[in-house]
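Quick notes on the structure that follows.
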Amino acid sequence: MRPSLPVLIALAAGLGACASPGSQGVAVYQSAPGITEVLSGPIQAAPGHHLVTGDLNIPANAPIPRHYHHGEEFLYILGGSTVIVREGLGEMTLMPGQGVRIAPDTVHWGKAGPKGLRAVSSWVVPDGQPLRVAVPDQPGGAH
């Protein structure tokens, strides 16, 4: 029996949770600043789509530019914090242990928190589409 798409996504999002430092003092891999792709491949249970998982290591107060994805994004915060704005849904602050699903084609942007951001993000990408599409800032300085 093949796992369903939600099971695959949950497994991918949980990759980083297994490496949390916790009270046992487990060493945690430190990726380079930015977004490091750590996993990518086809989804057998969802033909025409592939999964991309990234390790996000964003410096303190760094902006997350306006963009959208043709497929869903699942973001899970491991450390630090972030403010995410989804167009039409307003602003939300995410702390360690929290996550969010961002629906396909939803323009979103944000900013890493004052201590930076460590997170795992998984994207379900329709084959033949880019991972992300940049969206110019709105006139007048609004993001």
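Side chains included, hydrogens not; waters and symmetry mates left out as well; all remaining heavy atoms used. Since the structure is predicted, the reported quantities are computational estimates derived from the model, not experimental observations. Residue numbers start at 1 and run along the sequence shown.
Using a cut-off of 4.0 Å between Lys/Arg side-chain N and Asp/Glu carboxylate O, Glu87 and Arg66 are scored as salt-bridged.
When the side-chain hydrogen bond (donor to acceptor under 3.5 Å, both in side chains) test is applied to His70, the partners found at least two apart in sequence or on another chain are Gln129. For His108, the ring-ring contact (aromatic ring centres under 6.0 Å, His included) criterion is met by His67, His69, not counting sequence neighbours. Remark: Met95 pairs with Ser81, Thr93, Gln98 by the side-chain contact (heavy atoms from CB on, under 4.5 Å) rule, at least two apart or across chains.
Leu56 CG to Leu78 CG: the interatomic distance, rounded to the nearest 0.5 Å, is 9.5 Å. A distance of 3.5 Å separates CD of Glu73 from OG of Ser121, quoted to the nearest 0.5 Å. Taking CH2 of Trp123 as the start and OG1 of Thr53 as the end, the distance is 7.5 Å to the nearest 0.5 Å.
In this structure, Gly80 and Pro96 approach most closely via the heavy-atom pair O-CD, 3.1 Å. Of all heavy-atom pairs spanning Ala32 and Asn57, the tightest one is O-CB, 3.6 Å. Listed here is the closest heavy atom pair of Val135 and Tyr68: CG2-CD2, 3.5 Å. Closest of all the heavy-atom pairs between Val125 and Pro130 is CG1-O, 4.0 Å. For the pair Pro126 and Gly71, the tightest heavy-atom approach, listed with the atom from each and the gap, is CD-N, 3.8 Å. Listed here is the closest heavy atom pair of Ala119 and Leu75: CB-CD1, 3.8 Å.
By the criterion of side-chain heavy atoms lying less than 4.5 angstrom apart, applied directly or through intervening Ile, Leu, Val, Met, Phe, Trp or Tyr residues, Val52 is grouped together with Ile58 in one hydrophobic cluster. Hydrophobic clustering (ILVMFWY, side-chain heavy atoms < 4.5 Å, transitive): Ile84 and Ile35 are in one cluster. By the rule that hydrophobic residues join a cluster once side-chain heavy atoms approach within less than 4.5 Å of another member, Met92 and Ile102 end up as members of one cluster. Connection of Val107 to Val85 is established within a shared hydrophobic cluster, with ILVMFWY side chains joined at heavy-atom distances below 4.5 Å, either directly or through further cluster members.
The salt bridge (Lys or Arg N to Asp or Glu O under 4.0 Å) analysis of residues 28-39, with sequence neighbours excluded, yields no pairs. Applying the salt bridge (Lys or Arg N to Asp or Glu O under 4.0 Å) test to pairs two or more places apart or on separate chains, those with a residue in residues 97-107 are Glu72-Arg101. Listed by first and then second residue, the salt bridge (Lys or Arg N to Asp or Glu O under 4.0 Å) pairs that reach into residues 44-62 are Asp55-Arg118, sequence neighbours excluded.
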Q.
Set out, in order, the CA-CA distance, both residues' side-chain angles and the distance that settles side-chain hydrogen bond (donor to acceptor under 3.5 Å, both in side chains) for His50 and Asp127, then state yes or no.
A. CA-CA 6 Å; His50 60 280; Asp127 291 345; 2.8 Å; yes
(Q) side-chain contact (heavy atoms from CB on, under 4.5 Å) for Leu94 and Val100? Distances and angles first, verdict last. (A) CA-CA 8 Å; Leu94 295 171; Val100 65; 3.7 Å; yes
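Side-chain atoms of Ser122 and Leu51, non-hydrogen and from C-beta on, do get closer than 4.5 Å to each other. Here the side chains of Asn61 and Lys115 are not in contact, with every heavy-atom distance at 4.5 Å or above.
Under a 3.5 Å cut-off, the side chain of Thr82 and the backbone N or O of Lys111 do form a donor-acceptor pair.
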